[in-house]
Amino acid sequence: MPYTALYRKFRPKDFEEVKGQEPIVTALRNQVRTGRIGHAYLFTGTRGTGKTTMAKIMAKAVNCEQPRDGSPCNTCASCRAILTGNSMNVVELDAASNNSVEDIRRIVEEVRYSPTQGKFRVYIIDEVHMLSIGAFNALLKTLEEPPSYVMFILATTEVHKIPVTILSRCQRFDFRRITVNTIFARLKELSEREGVEAEDRALQYVAKAADGSMRDALSLYDQCIAFYFGQKLSYDMVLDVLGAVDTDIFYHLLEYVLQQDITRIVELLEHMIIMGRDLSQFVVDFIWYLRNLLLLQTSDQAEELIDVSTEQRNALKEMAKRLSVETVIHYIRILSELSGQIKYATQKRVLIEIAFVKLCRPQMESSHGLENIEERLHVLEERLEQSAMISKEQLQGLLEKKLSSMETKVLTENENITANRELSPVCLEPAVPEELAALAGQWSAVIGRLKGGLKSMLLNARPSVGNDHQLLLVFHDKTAEGFVNTQEHLKEIETVIETILKKKVQVSTKLITSALEEGEFLDLRQLDLKRLGVHAEIEYID
């Protein structure tokens with residue numbers, strides 16, 4: 001008889017065997033027991049949490065000839081046919097490979113025929129988010145008003161990809177990740193049924209590595225059993241199979257970081273690589289180790305939140321006394337960035353070594369913010385406790401002196417930048433009328449460089465040429481002329497124009513009070529510059 005994988009062999013056959021999804025189990029059993037069965041369900045959640053399994057159990061329950069408290073009996077003809085996959089009333093469709101309009105139209109045609117055996121014709125569409133837009137549209141009407149004997153159960157891991165029109169027609173059930181304790185209890189139960197000896201610590205690690213997925217946990221456990229078949233499965237054996245790292249290594253690694261011993265860190269990484277450890281998983285596990293360390297430092301109930309042995313908890317407490325909260329957060333930030341980079345990197349080892357150099361040498365980071373200074377201070381304090389060369393008061397004085405010099409440097413640089421910005425061009429030649437006329441052709445560009453009320457008031461002005469080659473701004477609005485005709489605003493306009501022309505320009509204003517005066521001033525914007533022989537090019541400088 002061929003071997004059957006554990007996750008297939010021990011797939012739940014009724015609601016009682018489903019672990020970790022008690023709220024959903026209760027709701028579905030009550031619906032079956034009371035006859036309040038919906039026509040469309042949507043099961044969503046991460047992989048391996050029981051969506052397809054629950055769909056099959058539901059299909060058996062609604063067709064069971066003698067259900068027990070809302071759960072299928074698994075002994076009647078209908079249940080046996082569904083278990084063996086021979087039932088004509090339950091149709092499973094993998095939308096990943098059957099996502100066309102024709103596939104859905106075939107279902108729409110079939111629902112017109114009532115079931116030959118049982119009460120319901122059940123359609124289970126797995127990975128439903130993979131359906132095309134056309135397929136969703138073809139399903140829409142039937143999903144909304146199916147015949148009374150038809151039930152749809154849609155399953156997906158990416159519910160955000162499903163159209164709202166589909167979501168609104170389904171009863172939605174969100175499958176949560178299964179807890180480590182629940183997976184551990186299930187593994188222990190299956191170990192007894194399979195006659196496999198395993199340490200609790202080994203099962204705990206498998207449960208944690210599954211990341212909330214019961215199917216992943218059974219697959220990993222199956223892999224470990226096959227590798228050490230006939231032997232008692234130990235914690236070290238599980239680490240070897242899964243390519244993981246013992247938590248004791250993290251303690252020593254953090255010790256080397258505090259000592260800034262890069263050589264021993266590289267040697268430890270080399271040892272893990274030779275032993276075949278997975279570097280990506282190593283980074284994730286180290287972040288989790290630091291997370292436990294942070295909880296011990298910040299939470300009064302940390303021991304209830306940390307799932308480790310007493311020996312490991314004592315080691316964590318010892319290390320927590322030697323590190324500040326800010327330092328641990330700094331380490332987690334650097335390693336979290338590394339975790340995102342390493343996923344698709346070809347040189348994972350190099351990236352890890354660079355990250356640990358940053359942990360050992362915080363002064364090498366480009367940012368010299370408060371967090372970095374505190375980290376460097378902590379490193380110095382660690383050295384002081386070992387060498388007792390200077391006191392903490394002296395160290396504080398050195399730090400204040402360093403901060404003072406940094407502030408002085410920044411202030412000096414800012415003053416130099418401000419001074420350079422405030423320097424106006426010297427010895428500029430005065431602008432000639434032709435250049436003023438060329439500038440008037442781009443008057444909107446001048447206005448665009450100004451701000452606030454001055455910008456809006458200049459929209460009422462028209463540029464002209466005054467005495468001594470002045471740029472004369474002619475106004476009809478007394479309020480606008482009065483606002484612009486101040487020393488501060490005129491100087492601001494002159495600065496903008498001089499920046500554009502690179503010539504000295506004097507600006508003045510004129511208020512027009514009669515039609516006679518109107519004709520005395522020429523609007524430079526209306527001149528035909530080419531006809532007048534003006535070919536001045538204006539170079540705009542930021």
Side-chain angles (χ1 to χ4, degrees), residues 46-48 157-158 177 180 204-213 215-217 219-220 223-224 227 235-236 238-295 306-308 312 316 319 323 325-367 369 371-372 375 379:
T46 190
R47 71 196 186 284
T157 56
E158 301 183 50
R177 291 177 183 269
V180 173
Q204 282 279 4
Y205 189 85
V206 172
K208 178 184 172 185
D211 192 25
S213 170
R215 183 176 62 226
D216 286 3
S219 296
L220 293 174
Q223 183 180 349
C224 294
F227 197 87
Y235 177 69
D236 292 333
V238 171
L239 294 180
D240 286 336
V241 175
L242 302 184
V245 178
D246 190 358
T247 53
D248 290 339
I249 290 185
F250 298 137
Y251 179 87
H252 295 300
L253 194 59
L254 198 52
E255 181 75 36
Y256 298 153
V257 170
L258 294 178
Q259 297 173 3
Q260 297 189 351
D261 194 341
I262 297 176
T263 302
R264 299 186 72 177
I265 291 174
V266 173
E267 290 175 351
L268 189 58
L269 291 173
E270 176 73 23
H271 173 71
M272 288 192 298
I273 293 171
I274 292 174
M275 295 298 292
R277 302 304 189 227
D278 182 77
L279 293 180
S280 299
Q281 186 63 38
F282 157 73
V283 175
V284 172
D285 289 345
F286 194 23
I287 293 174
W288 191 260
Y289 178 84
L290 293 172
R291 170 259 187 191
N292 291 340
L293 205 61
L294 184 63
L295 287 178
I306 298 175
D307 187 19
V308 296
Q312 292 175 357
L316 280 170
M319 183 61 72
L323 289 167
V325 174
E326 292 77 12
T327 300
V328 178
I329 293 175
H330 176 63
Y331 289 172
I332 293 175
R333 178 179 61 81
I334 291 179
L335 291 172
S336 297
E337 293 174 358
L338 172 65
S339 181
Q341 297 169 355
I342 202 175
K343 186 178 296 183
Y344 304 106
T346 55
Q347 298 292 334
K348 297 183 179 182
R349 175 178 177 174
V350 175
L351 289 178
I352 293 175
E353 289 174 348
I354 291 174
F356 276 97
V357 169
K358 289 182 180 180
L359 297 183
C360 294
R361 302 281 193 272
Q363 64 272 22
M364 295 181 65
E365 290 215 63
S366 57
S367 171
E371 178 185 327
N372 224 324
E375 168 61 17
V379 171

Could you give the distance from [atom1] ([X]) to [atom2] ([Y]), rounded to the nearest 0.5 Å?
| X | Y | atom1 | atom2 | answer |
| --- | --- | --- | --- | --- |
| F250 | N292 | CZ | CG | 10.5 Å |
| L359 | H330 | CG | NE2 | 6.5 Å |
| F356 | D261 | CZ | CG | 13.0 Å |
| I352 | S280 | CD1 | OG | 7.0 Å |
| T46 | R215 | OG1 | CZ | 9.0 Å |
| Y235 | Q204 | OH | CD | 10.5 Å |

So do [Y] and [X] actually touch side chain to side chain, heavy atoms under 4.5 Å?
| X | Y | value |
| --- | --- | --- |
| F282 | L269 | yes |
| I287 | L338 | no |
| K358 | I354 | yes |
| E353 | I262 | no |

Looking at every non-hydrogen atom in both residues, tell me the closest pair between [X] and [Y] and how far apart they are.
| X | Y | answer |
| --- | --- | --- |
| V283 | L335 | CG1-O, 3.8 Å |
| R349 | I273 | CD-CD1, 3.3 Å |
| T157 | R47 | CG2-N, 4.3 Å |
| K348 | I342 | CE-O, 3.3 Å |
| A217 | V206 | O-CG1, 3.6 Å |
| V328 | L290 | CG1-O, 3.6 Å |

**Request:** Take L258 and L323 through the test side-chain contact (heavy atoms from CB on, under 4.5 Å) and record every step on the way to the result.
**Result:** CA-CA 9 Å; L258 294 178; L323 289 167; 3.2 Å; yes
**Asked** Between Q341 and E337, is any side-chain donor less than 3.5 angstrom from a side-chain acceptor?
**Response**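 The criterion, which ignores hydrogens and geometry beyond distance, is not satisfied for E337 and Q341.
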**Request:** Apply side-chain contact (heavy atoms from CB on, under 4.5 Å) to I249 and F286, showing your working.
**Result:** CA-CA 9 Å; I249 290 185; F286 194 23; over 6 Å; no
**Request:** Assess whether side-chain contact (heavy atoms from CB on, under 4.5 Å) is satisfied between E255 and Q259, documenting all intermediate values.
**Result:** CA-CA 6 Å; E255 181 75 36; Q259 297 173 3; 3.1 Å; yes
**Request:** Only one of L294, L293, T327 passes side chain to side chain contact (heavy atoms under 4.5 Å, CB included) with I332; say which it is.
**Result:**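 For I332, the side chain to side chain contact (heavy atoms under 4.5 Å, CB included) test succeeds with only one of L294, L293, T327, which is L294.
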**Prompt:** Can you tell which of T263, V266, I265 makes a side chain to side chain contact (heavy atoms under 4.5 Å, CB included) with Y256?
**Reply:**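 When side chain to side chain contact (heavy atoms under 4.5 Å, CB included) is applied between Y256 and each of T263, V266, I265, only I265 qualifies.
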